[in-house]
Amino acid sequence: MYICFRDFQNTRPERENPLLQNLSMKIGDKIDLGPRPLFLAPMEDVTDATFRWICKKYGADMVYTEFIPSDGLIRDASKAIAKMRTYDFEAPIGLQIYGHIPEAVVEAARMVERAAEIAGGHGADLVDINFGCPVKKIAGRGAGSGMLREPDKLVAITEAVVKAVKLPVTVKTRLGYDEDSKIIVELAERLQDVGIQALTVHGRTRSQMYKGEADWTLIGKIKENPRMHIPIIGNGDITDPIKAKAAFERYGVDGVMIGRATYGHPWIFKEIRHYLDTGELLPPMSVADRVELAKAHFAKSVEIKGPKVGVLEMRRHLANYFKGIADFKPYRLQLVTLTDPGDVLSILDEVAVRFGDCTPETSSVYGF
């Protein structure tokens, strides 16, 4: 049995030491994220450079690239190489890799360390290894959270990466492969012992995928372990400021990572930070303000990717910034079909005029 996030508003937090809450979280010697940092989770086809930019603008303390296949990197696949390009405005940024072949993961980590040379841009501030992705095409071949079925191999790969690079190495994983193999408390110790500098844990097993409610009790047990000294970042079901604050106070995590709740709602970081600092909830963002956010995001997309790709890859974001507005379908259809940047901006201006003072019922594509 575990405590769900829905219980938090009705229970007194167990960890309210203000001295602990004001400690700065550090990854390695050079990355200082301040107290109670907020992380943007890496999400395939979502967290590209432009989305990372808008999340940083609204308060994300650290971001990561979309995960990069190690075998793609060592084959010099253009898509994998392109994902390594980062920008100074993103720093500090982690480049996340995954794979199940030890030699390929190690070589990919070496390439990440040379990301600025290989792909241009800012490069990487740390190497993050994904042992958490649950999708079948990844986990089914033993990568991502599929590696949780082979914890010895998982630890050996991690140790090899730590020895191969000078950058800090971190890991993102889950509680275990299934309900009968929740190995994360012991695994966390082993990963720390081979040299990782931080650990992110999603409070579900691989078998759960994204269903049910995240169980944070084992994340709390990692923090309670007196042998653990590296930062622990909790992930799973952080959908509003109240849940974020509860995660810090009840389970003592050093940082909180937010994933799906940012999609269509990147300003969630600003809302959480304001609540952590003041105890007050910000009012919902109006449509007029969302239009300004969307226009800024759109401009950055066109700047980085060019007008054709920049417009196409913004469609999924533009549609979801305005989820929950009544009678919005005609505008949504135009936002996902128009190809000229000027036409898209004109529709956004129309949206601001017609719906500017409205507040949508939902803030995220996931209904959070």
Side-chain angles (χ1 to χ4, degrees), residues 1-5 7-8 11-29 31-33 35-39 41 62 94 126 128-132 145 147-159 161-162 168-206 208 213-238 243-257:
M1 180 177 179
Y2 58 87
I3 298 174
C4 300
F5 272 119
D7 301 318
F8 283 173
T11 58
R12 179 178 175 81
E14 296 172 354
R15 303 182 183 188
E16 297 180 334
N17 187 334
L19 295 177
L20 294 178
Q21 293 179 11
N22 290 326
L23 288 177
S24 185
M25 176 182 158
K26 297 180 180 180
I27 300 177
D29 297 328
I31 302 175
D32 188 336
L33 299 170
R36 296 188 292 185
L38 305 175
F39 295 73
M62 185 158 183
L126 63 78
D128 189 64
I129 310 175
N130 182 308
F131 293 130
S145 59
M147 191 67 70
L148 289 165
R149 303 181 77 171
E150 301 180 88
D152 291 343
K153 182 178 180 181
L154 184 158
V155 173
I157 288 176
T158 304
E159 182 175 19
V161 169
V162 169
V169 176
T170 62
V171 163
K172 185 174 189 291
T173 189
R174 290 184 167 227
L175 303 179
Y177 191 82
D178 55 29
E179 188 68 23
D180 297 325
S181 59
K182 292 183 178 180
I183 60 173
I184 190 58
V185 176
E186 177 189 356
L187 182 62
E189 271 199 61
R190 296 181 66 187
L191 289 169
Q192 175 180 266
D193 289 347
V194 298
I196 69 167
Q197 298 294 306
L199 174 66
T200 301
V201 181
H202 182 107
R204 290 181 173 88
T205 64
R206 187 271 161 175
Q208 284 181 273
E213 295 185 70
D215 177 359
W216 281 61
T217 56
L218 291 181
I219 302 175
K221 287 188 180 300
I222 297 170
K223 286 298 301 178
E224 291 170 0
N225 183 346
R227 286 201 67 245
M228 297 298 298
H229 56 80
I230 61 171
I232 303 299
I233 304 155
N235 175 225
D237 293 350
I238 302 295
K243 292 176 181 177
K245 187 171 187 288
F248 281 113
E249 293 180 340
R250 178 168 293 279
Y251 297 112
V253 291
D254 301 280
V256 163
M257 180 174 283

Student check: side-chain heavy atoms of [X] and [Y] closer than 4.5 Å:
X	Y	value
Phe248	Asp254	no
Glu189	Met228	yes
Leu154	Ile129	no
Arg190	Asp152	yes
Leu175	Val201	yes
Ile27	Met25	yes
Thr170	Ile233	no
Arg227	Asp193	yes

TODO: Report the residue from Asp237, Asp215, Asp178 that forms a salt bridge (charged side-chain N to carboxylate O under 4.0 Å, His left out) with Arg204.
DONE: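 The option that passes is Asp237.
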
Separation of [Y] [atom2] from [X] [atom1] (nearest 0.5 Å):
X	Y	atom1	atom2	result
Leu38	Ile238	CG	CD1	9.5 Å
Gln192	Thr158	CD	OG1	13.0 Å
Gln208	Glu213	CD	CD	10.0 Å
Ile184	Ile219	CD1	CD1	8.5 Å
Lys26	Leu33	NZ	CG	10.5 Å
Ile232	Leu199	CD1	CG	4.5 Å

Check for a donor-acceptor pair, side chain of [X] on one end and backbone N or O of [Y] on the other, with a separation under 3.5 Å.
X	Y	answer
Asn235	Met257	yes
Glu150	Met147	no
Arg206	Ser145	no
Trp216	Arg250	no
Thr173	Gly132	no

Open item on the list: Quick one, Val162 with Gln197, criterion side chain to side chain contact (heavy atoms under 4.5 Å, CB included). Give me CA distance, side-chain angles, the key distance, then yes/no.
Closed with: CA-CA 10 Å; Val162 169; Gln197 298 294 306; over 6 Å; no

- [ ] Taking all non-hydrogen atoms of both residues into account, name the closest pair between Ile183 and Pro151 and its distance.
- [x]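 Between these two residues, the closest heavy atoms are CD1-CB, 3.9 Å.
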
Task: Shortest non-hydrogen separation from Glu179 to Thr205 and the atoms involved - done: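 Scanning both residues completely, I find the closest heavy atoms to be N-CG2, 4.2 Å.
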
